[in-house]
Number of protein chains: 2
Amino acid sequence: MTVRAQRLPATARRAQLIDVARVVFAKRGYEAASLEEIASKAKVSRPVLYEHFGGKEGLYAVVIDREMEYLVRRMAESIATGAPRERMEQAALAFLVYVRDQPDGFAILTHDAPMSSSGGTMSSLLNDVAERVGDVFASAFKDAGYDPKTAPIYAHALVGMVTFVGQWWTDVRKPPVEEVASHISALAWMGLRRLPKKPARLPAKKA
Amino acid sequence: MTVRAQRLPATARRAQLIDVARVVFAKRGYEAASLEEIASKAKVSRPVLYEHFGGKEGLYAVVIDREMEYLVRRMAESIATGAPRERMEQAALAFLVYVRDQPDGFAILTHDAPMSSSGGTMSSLLNDVAERVGDVFASAFKDAGYDPKTAPIYAHALVGMVTFVGQWWTDVRKPPVEEVASHISALAWMGLRRLPKKPARLPAKKA
DNA sequence: CGTGTAACTTACGGTTGTGTAGGTACGCGT
DNA sequence: ACGCGTACCTACACAACCGTAAGTTACACG
């Protein structure tokens with residue numbers, strides 16, 4: 001017989017459950033994750049989850065929402081100021097810092113999302129991020145005389161770069177993200193043709 | 001009562017089952033796919049699947065193996081000859097042609113892979129591709145005086161670019177892959193700084 | 001010190017999916 | 001036409017989940 005759970009106020013319990021669910025969804029992905037496991041890791045019985053979130057989809061939605069919110073805010077802050085090249089490097093760095101400091105959150109974003117219950121296609125969460133980047137590019141392209149219709153290509157290319165490198169870095173955890181970010185932005189900015197031997201590190205940005 | 005399945009020789013049935021499984025795994029991902037659905041789509045009862053592949057993991061393993069084999073062969077052929085810049089564009093093009101012509105196969109590679117049954121981590125299939133690219137880069141970097149330890153960064157960055165753009169292209173299906181490939185390789189080679197207004201198309205390569 | 005309500009639980013029903021045991025029919029070779 | 005093996009099926013045992021109903025404990029407040 002499992003010991004009775006410690007009684008918590010609703011909001012506190014809710015917060016704890018979200019934290020636990022984050023970890024489980026990160027490790028297993030949506031499909032393979034079970035409410036059973038989440039409940040047991042939270043030292044609580046399953047109906048509590050239904051009480052708070054209505055079911056698996058509801059819980060997942062809350063977790064996703066929080067994570068996207070967090071990431072997008074961080075990215076937006078990081079690219080608010082500076083010259084184009086600096087913004088790009090800052091964006092890459094912000095993303096990689098997220099990968100480093102919130103590995104569970106990052107894992108969730110890279111896992112398969114559940115089907116939209118009406119049977120639609122499987123959609124990558126990071127597509128939303130890429131689309132926002134695409135908007136930025138589209139207007140910049142317009143000003144600079146490039147074809148704005150090609151903007152999504154470049155936007156997705158850049159998001160794909162950092163995402164995939166981030167996944168690799170998660171395994172290796174070396175070198176430090178600042179160095180990785182400078183390599184990535186060097187590649188994106190200079191191209192392979194004029195790759196600097198050792199990309200310069202960004203000066204620390206003051207908060 | 002479902003009609004009795006048409007009797008097929010083992011090898012033919014096996015081939016058909018792999019084809020059907022490919023489609024189902026592509027649409028659902030490993031976890032959400034069920035042998036039930038595969039069997040029914042193949043107009044066959046479930047035990048037939050066990051007869052041929054031993055179980056879900058076995059079937060999945062066969063499908064994956066075929067797909068990786070196919071993709072890697074295509075990529076290897078495409079980068080066999082030419083100057084560095086051309087090879088890169090050819091590689092990107094080959095990948096995107098695969099995305100276009102084998103959408104199911106590509107979907108499978110981008111979906112979550114099942115856990116290695118001993119409880120390991122979820123591994124992206126495309127990591128293997130990136131690692132091969134990494135080897136190419138490592139030796140090239142050594143010759144050119146770059147730090148070979150940074151090669152994986154660039155390899156993963158490039159694979160991530162085409163993968164993510166490929167996923168986007170799957171939704172939009174426009175512009176033609178040849179144009180997308182030339183944009184991508186222009187970005188990777190020239191960098192954002194010196195982006196050409198309209199990247200030149202590659203001359204058709206003779207088989 | 002009761003009493004009501006918020007927080008949690010045990011218990012059940014139903015569905016879906018994996019894997020296996022044992023039986024049936026098709027059609028080829030002779 | 002008659003085996004006989006290959007191909008295939010029905011049926012079952014079992015486990016994992018999801019979701020819900022109904023009951024139980026603890027704490028706050030009059």
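The figures that follow rest on heavy atoms only: side chains count, while hydrogens, waters and symmetry mates do not. Chain letters run A, B, ... following the sequence lines, proteins first, then strands; residues in each count from 1. Here the structure is a predicted model, which is why all the values come from computation and not from measurement.
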Short side-chain to backbone donor-acceptor contact, B:Trp169 and B:Val180, under 3.5 Å: no
Starting at NZ of B:Lys56 and ending at P of D:dA16, how long is that distance when rounded to a whole Å? 15 Å
I want to know whether B:His183 and A:Tyr154 have ring centres closer than 6.0 Å. yes
Rounded to whole Å, the CZ-P distance (B:Phe53 to C:dT18) equals 15 Å
Within this structure, what is the OH-to-C1' distance between B:Tyr50 and D:dT6, rounded to whole angstrom? 21 Å
For B:Gln6, answer base if it contacts any base atom (sugar-phosphate contacts may also be present), sugar-phosphate if it contacts only those atoms, and nothing otherwise; contact means non-hydrogen atoms under 4.0 Å. sugar-phosphate
Please report the distance, rounded to the nearest Å, between NE2 in B:His52 and P in D:dC9. 11 Å
Is the phosphate of C:dT20, meaning OP1 or OP2, less than 4.0 Å from a side-chain N or O of B:Arg46? no
Could you state the CG-C1' distance from B:Leu49 to C:dT20, rounded to the nearest angstrom? 14 Å
Whole Å only: how far is the CG atom of B:Leu35 from the P atom of C:dT18? 4 Å
Whole-Å distance, B:Leu8 CG to D:dC9 P, equals 11 Å
Please confirm whether any donor atom in the side chain of B:Arg7 sits under 3.5 Å from an acceptor in the base of C:dC26, or the reverse. yes
So do the side chains of A:Trp189 and A:Pro84 get within less than 4.5 Å of each other, counting heavy atoms only? yes
Can any side-chain N or O of B:Arg87 pair as donor or acceptor with the backbone N or O of B:Gly82 at less than 3.5 Å? yes
Without decimals, in angstroms, what is the distance between A:Arg13 CZ and C:dT9 P? 7 Å
For B:Ser45, report the nucleic acid contact type (base, sugar-phosphate, nothing); a contact means any heavy atom under 4.0 Å. base
